[in-house]
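Shown next, in structure tokens, is the structure this report addresses.
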Amino acid sequence: MARAMMEYTKTVLDKVSFDSNLFCREVQKAVQRLLPYEVEELKIFILSLVHQNPELNQCLIYLK
């Protein structure tokens, strides 16, 4: 079940990556929902999105 939540979160983040405010809100929600080891995996995924969309860089503060 937890794996499904991680995949869902990745899908949502990928779809909202066009808007940095919306992306940041979804990152905040994801950090609250996911397990600590999943947050580390999410951090890697988000870093790859940041390379494609540098304006998303501001959302990294929610992952610390």
Side-chain angles (χ1 to χ4, degrees):
M1 178 68 177
R3 191 75 203 155
M5 182 58 76
M6 180 64 179
E7 293 304 317
Y8 173 75
T9 301
K10 285 181 177 181
T11 302
V12 169
L13 289 174
D14 194 38
K15 288 184 178 183
V16 300
S17 63
F18 66 92
D19 181 7
S20 62
N21 290 328
L22 188 55
F23 186 83
C24 287
R25 278 188 273 161
E26 291 299 328
V27 168
Q28 286 177 313
K29 285 193 236 177
V31 169
Q32 292 174 353
R33 276 188 255 147
L34 298 175
L35 299 172
Y37 72 91
E38 291 175 318
V39 172
E40 291 301 316
E41 184 181 336
L42 183 67
K43 196 180 296 186
I44 296 167
F45 175 75
I46 290 175
L47 286 173
S48 70
L49 284 177
V50 167
H51 280 82
Q52 296 171 3
N53 301 325
E55 67 274 0
L56 300 177
N57 193 30
Q58 65 185 358
C59 300
L60 293 176
I61 61 170
Y62 300 114
L63 296 174
K64 300 204 189 252

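Scope of the values below: all heavy atoms of this structure, side chains included, with no hydrogens, waters or symmetry mates.
In the hydrophobic clustering of ILVMFWY residues, with side-chain heavy atoms under 4.5 Å counting as a link, Ile61 and Leu47 come out together.
Residue Lys10 holds its NZ atom at 5.0 Å from CD of Glu7, rounded to the nearest 0.5 Å. Atom OG of residue Ser20 and atom CZ of residue Arg25 lie 10.0 Å apart, to the nearest 0.5 angstrom. From Asn57, atom CG reaches atom NE2 of His51 across 9.5 Å, with rounding to the nearest 0.5 Å. Here CZ of Phe23 is found 8.0 Å from CG of Asn53. Values are rounded to the nearest 0.5 Å. Summarising the geometry, atom CG belonging to Leu42 is positioned 7.0 Å from atom OG1 belonging to Thr9; distances are rounded to the nearest 0.5 Å.
In this structure, Glu41 pairs ionically with Arg3, as a charged nitrogen and a carboxylate oxygen lie closer than 4.0 Å.
The closest side-chain heavy-atom distance from Leu13 to Ile46 is below 4.5 Å. Considering only heavy atoms from C-beta on, Arg33 comes within 4.5 Å of Tyr8 through its side chain.
The shortest heavy-atom contact between Leu49 and Leu56 is O-CD1, 4.2 Å.
The backbone N or O of Asn21 sits less than 3.5 Å from a side-chain atom of Asp19, completing a donor-acceptor pair.
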